[in-house]
Amino acid sequence: MLELKHALSELEKVVDVAQLENFFQIYLWKKGLLNEEFKVMVDLPAEEKKEKWAKLSEIKTKLTQAYEAKEQYFKMGYINEQLEKDLIDISLDASKDIWAYSLLAEIRRDAEEICKSMGFIVEYGTEIVTKFENFESVNIPLTHPATEMHDTIYLNDKDASGENLILRTHTSSMQNYLIQKYWLPLKAVVPGRTYRFENMDASHDTMFYQMEWIVIDKNISIAHFKEMITKLLSALLHKNVETRMRPGYFPFVEPGFEIDVRYEIYNKETEKKELSNWMEILGAGMIHANVLKEAGVDSTQWSGFAFGIGISRLAAVRYWIKDIRYFTNGDLRFAKSFA
Ligand code: FA5
């Protein structure tokens, strides 16, 4: 019968993974020495078989345990070796050629700094929201055709009332939450990812960044909004911009508008400065009385405005990028060209 002591001493001599594999083949594999011995026992008389079978089983158990311990030892060695290799050398200079912010992060951080300096609270909110937060709290009844304006991505998980949770389709889904959390007067911004089930093209992605501004106070009017938006866009785009307000429909504002921007560009062919085309950059409006009511606010006392900017499109304007999908498709050539 196979000797445990001998097998263990053989295992002892094993120094690497290849030798361990070899050991396994010789002793423990289904065609290895141990199983061969089990096979031979099948024809032994019952009593003798019982005794030898038990002994061999014990040898198998002990040898397997010893083998596994050694295997574990090699695995840990391998993991430690990898960890060692992956260790970040903090003495290395974090120079520009090895890291850079994504352009979206850069513009978002810029926007956050500008907003903080203007006294705004910055809050990220949650990306997974209830249908109430995304629709009903901002005056979009679930039966309203407006819900179809956003082709929403639904999750299997449900909220407390049994409704499926969704990925927020706009940062306006945070309005009710912000009012409840900070109460009034309120000046807050929500930068973050939003999701829609879109057909993708150069200016439409399924995951894109928005930033929501919400201002509620006494006697707030469109004039406050107009003044603020022109200053803000010029600061964010690093250019002097002209803004244009067009009527726009959003169920959560009344009146609602869309804002386009244009700015001076240099035409290489004519070698002259000229104005760019108008580009829609955000949706805005005076917060609808129903939104205030839903959050428990007396709309005869308080008023406010809100607007939501597409950060991805804003970044495209600021950095002259033709297609917003470049921001998120992970192409290192793109990322490195801005490092
Ligand atoms: C909204 O999402 C409203 N919540 C904005 C708003 C807030 C209006 C507060 C009134 C008051 P809209 O669907 O137009 O509106 O999106 C706002 C901006 O997000 C657009 O102007 C655009 O810049 C950007 N955007 C919309 N869809 C996409 C997309 N698929 N990919 C990239 N950017 C997008």
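Remember, it's 1-based here, ligands and their atoms both numbered in the order they're listed. Throughout, residue positions are numbered sequentially from 1 according to the sequence presented.
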If you count the atoms of ligand 1 from 1 in the order shown, which ones are under 4.0 Å from a heavy atom of L282? 21 (O)
Does V253 approach ligand 1 within less than 4.0 angstrom via side chain, backbone, both or neither, non-hydrogen atoms only? side chain
Going through the distances and angles, do M118 and W213 end up as a side-chain contact (heavy atoms from CB on, under 4.5 Å)? CA-CA 12 Å; M118 292 166 96; W213 274 255; 6.0 Å; no
Step through it carefully: locate the ring centre of F250, locate the ring centre of H170, and say whether they are under 6.0 Å apart. no
Of E258, M200, R196, M286, which has the heavy atom at the shortest distance from atom 1 (C) of ligand 1? R196
Give the contacting part of I324 toward ligand 1: side chain, backbone, both or neither, where contact means a heavy-atom distance below 4.0 Å. side chain
Contact with ligand 1 for F252, non-hydrogen, under 4.0 angstrom: yes
Is there a side-chain contact between L2 and Y27 (heavy atoms, below 4.5 Å)? yes
Between F208 and ligand 1, which part of the residue brings a heavy atom under 4.0 Å of the ligand: side chain, backbone, both or neither? side chain
Does any donor atom in the side chain of Q72 or E68 lie under 3.5 Å from an acceptor atom in the other side chain? no
Measuring only between side-chain heavy atoms, which start at C-beta, is K13 closer than 4.5 Å to Q19? no
Distance under 4.0 Å to a non-hydrogen atom of E198: what atoms of ligand 1 satisfy this? 27 (N), 29 (C), 30 (N)
Check whether any side-chain heavy atom of N164 sits under 4.5 Å from a side-chain heavy atom of K158, and report yes or no. yes
I'd like to check whether S172 has a polar contact with ligand 1, where a contact means an N/O of the residue lying under 3.5 Å from an N/O of the ligand. yes
Option nearest atom 9 (C) of ligand 1 (shortest heavy-atom distance, choices M211, E212, M207): E212
Within one Ile-Leu-Val-Met-Phe-Trp-Tyr cluster: W278 and M245, side-chain cutoff 4.5 Å: no
Consider every N or O of S312 and every N or O of ligand 1, then say whether any pair is closer than 3.5 Å. no
Assign the ring pair Y67 / F24 to parallel, tilted or perpendicular, where the plane angle (0 to 90°) is split at 30° and 60°. tilted
Please check whether E280 reaches ligand 1 - meaning an N/O of the residue sits under 3.5 Å from an N/O of the ligand, judged on distance alone. yes
Sorted by chain and residue number, the ring-ring contact (aromatic ring centres under 6.0 Å, His included) partners of F74 (sequence neighbours excluded) come out as none
Side chain, backbone, both or neither: the part of H170 lying under 4.0 Å from ligand 1 by heavy atom: side chain
List the steps and the verdict of side-chain hydrogen bond (donor to acceptor under 3.5 Å, both in side chains) for D205 and S312. CA-CA 9 Å; D205 211 339; S312 310; over 6 Å; no
Proximity flag S203 to ligand 1, non-hydrogen atoms under 4.0 Å: yes
Closer than 4.0 Å to some heavy atom of G310 - which atoms of ligand 1 meet that? 18 (C), 19 (O), 23 (O), 24 (C)
A student checking ligand 1 against I281 at a 4.0 Å heavy-atom cut-off should list atoms 21 (O), 23 (O)
